Amino acid sequence: MILTTWNINGVKARLESALTYLRQHSPDVVCLQEIKSVDDAFPTPDFQDLGYNVATNGQKGFNGVAILSKSPLEDVVRGLPGDDSDQHARWIEASVPLGNRMMRVVSLYLPNGNPIGTEKFAYKLAWMTRMRRRAEQLLEDEMPLVLAGDFNVIPESVDAKRPAAWVNDALFQSESRAAWRTLVNEGFTDATRACHPGPGVYTFWDYQAGAFQKDDGIRIDHILLSSQAADLLVSSGIDRATRAQEKPSDHVPVWIKLAA
DNA sequence: ATGTCGAAGCTTCTTCGA
């Protein structure tokens with residue numbers, strides 16, 4: 001089975017691109033971020049026409065995440081637990097069939113956190129602590145678990161073409177990277193890195209200054225696998241061709257293939 | 001040299017967020 005994650009930067013602006021991608025690649029499960037749509041305005045029928053079940057956690061104007069699945073979605077949870085005052089739509093969970101058992105899937109959009117030294121950066125770090133706690137709860141279920149989405153963290157220098165350009169950015173702060181490592185050290189496998197060690201592996205290129213033409217990218221869209229899911233990892237990839245198309249998202253799809 | 005984009009609103013430009 002193929003699971004793909006993609007920050008589409010607006011489902012209305014990207015609907016035709018997304019439908020074309022899904023027709024071509026036909027992933028079984030799709031985690032979307034930055035849908036920038038309320039639930040009622042999400043183009044669910046268009047995805048249903050391609051055979052997908054749809055679960056959304058939307059918000060007006062910004063943020064918003066979704067999970068599409070060719071198999072029915074069960075036990076949907078909307079919102080990252082741990083802070084009832086947090087109104088941002090950045091987290092959705094669902095269970096989907098994986099062979100003869102079930103897999104838990106999360107589509108997440110981690111806060112950007114810029115500029116550093118503000119309440120936005122504090123929110124990012126607090127959110128990452130809540131994410132780790134929720135991940136610990138989900139790991140206790142001992143079913144295959146996939147955390148997929150825009151983590152807004154550059155884990156290491158090798159994950160940026162020009163790491164020096166990001167030293168004052170929230171995505172590359174030592175606190176952000178330490179929180180990432182703390183999460184990974186719960187026992188997760190970074191699927192992209194497991195399959196593609198080495199430099200030049202990026203998932204985002206800024207719209208500005210011809211970043212894509214210069215391959216001035218960063219790797220911030222990740223798929224983390226629990227040990228039960230990592231045992232099934234066959235391959236992974238990044239579909240950077242979508243970044244060269246008309247009216248692209250600034251992020252590209254990242255996918256894994258699991259044996260099941 | 002924020003060389004850009006998407007959404008929203010007292011909308012045809014401005015502001016916000018990324």
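Since we're looking at a predicted model, the values are computed, not measured. Values below: all heavy atoms of this structure, side chains included; hydrogens, waters and symmetry mates excluded. Proteins come first, then strands; the chains are lettered A, B, ... in the order of their sequence lines, and each starts at number 1.
Summarising the geometry, the separation between CZ on A:R243 and P on B:dT4 is reported as 12 Å, rounded to the nearest angstrom. In this structure, A:R14 places its CZ atom 12 Å from C1' of B:dA7, rounding to the nearest Å. Note: CD (A:Q33) to P (B:dC5) measures 21 Å, nearest angstrom.
A side-chain hydrogen bond (donor to acceptor under 3.5 Å, both in side chains) check over residues 8-28 of chain A, counting only residues at least two apart or in different chains, returns the pairs A:N9-A:K36, A:N9-A:Y207, A:Y21-A:D239, A:S26-A:K70.
A:K214 has no side-chain polar atom (N or O) that falls below the 4.0 Å cut-off from OP1 or OP2 of B:dG3.
Residues forming a side-chain contact (heavy atoms from CB on, under 4.5 Å) with A:A211 (at least two apart in sequence, or on another chain): A:W205, A:D206, A:D216. With sequence neighbours excluded, the residues that form a salt bridge (Lys or Arg N to Asp or Glu O under 4.0 Å) with A:R104 are A:E93. Remark: A:N57 pairs with no residue by the side chain to side chain donor-acceptor pair (under 3.5 Å) rule, at least two apart or across chains.
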Could you encode protein contacts along nucleotides 10-18 of chain B as a string, one character per nucleotide from 5' to 3', using B for base contact, S for sugar-phosphate-only contact and - for no contact, with a heavy-atom cut-off of under 4.0 Å? -------SS

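Ion pairing between a basic and an acidic side chain is recognised when a charged N comes within 4.0 Å of a carboxylate O; A:R243 and A:D250 show no such pairing.
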Strand DNA chain B in bracket notation, Watson-Crick/G-U under 3.5 Å with | for pairs to another chain: ...((((((...))))))

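Among the nucleotides B:dA8, B:dG6, B:dG3, the one closest to the side chain of A:A209 is B:dG3.
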Show your reasoning for whether ring-ring contact (aromatic ring centres under 6.0 Å, His included) applies to A:Y109 and A:F151. CA-CA 6 Å; A:Y109 177 45; A:F151 283 71; over 10 Å; no

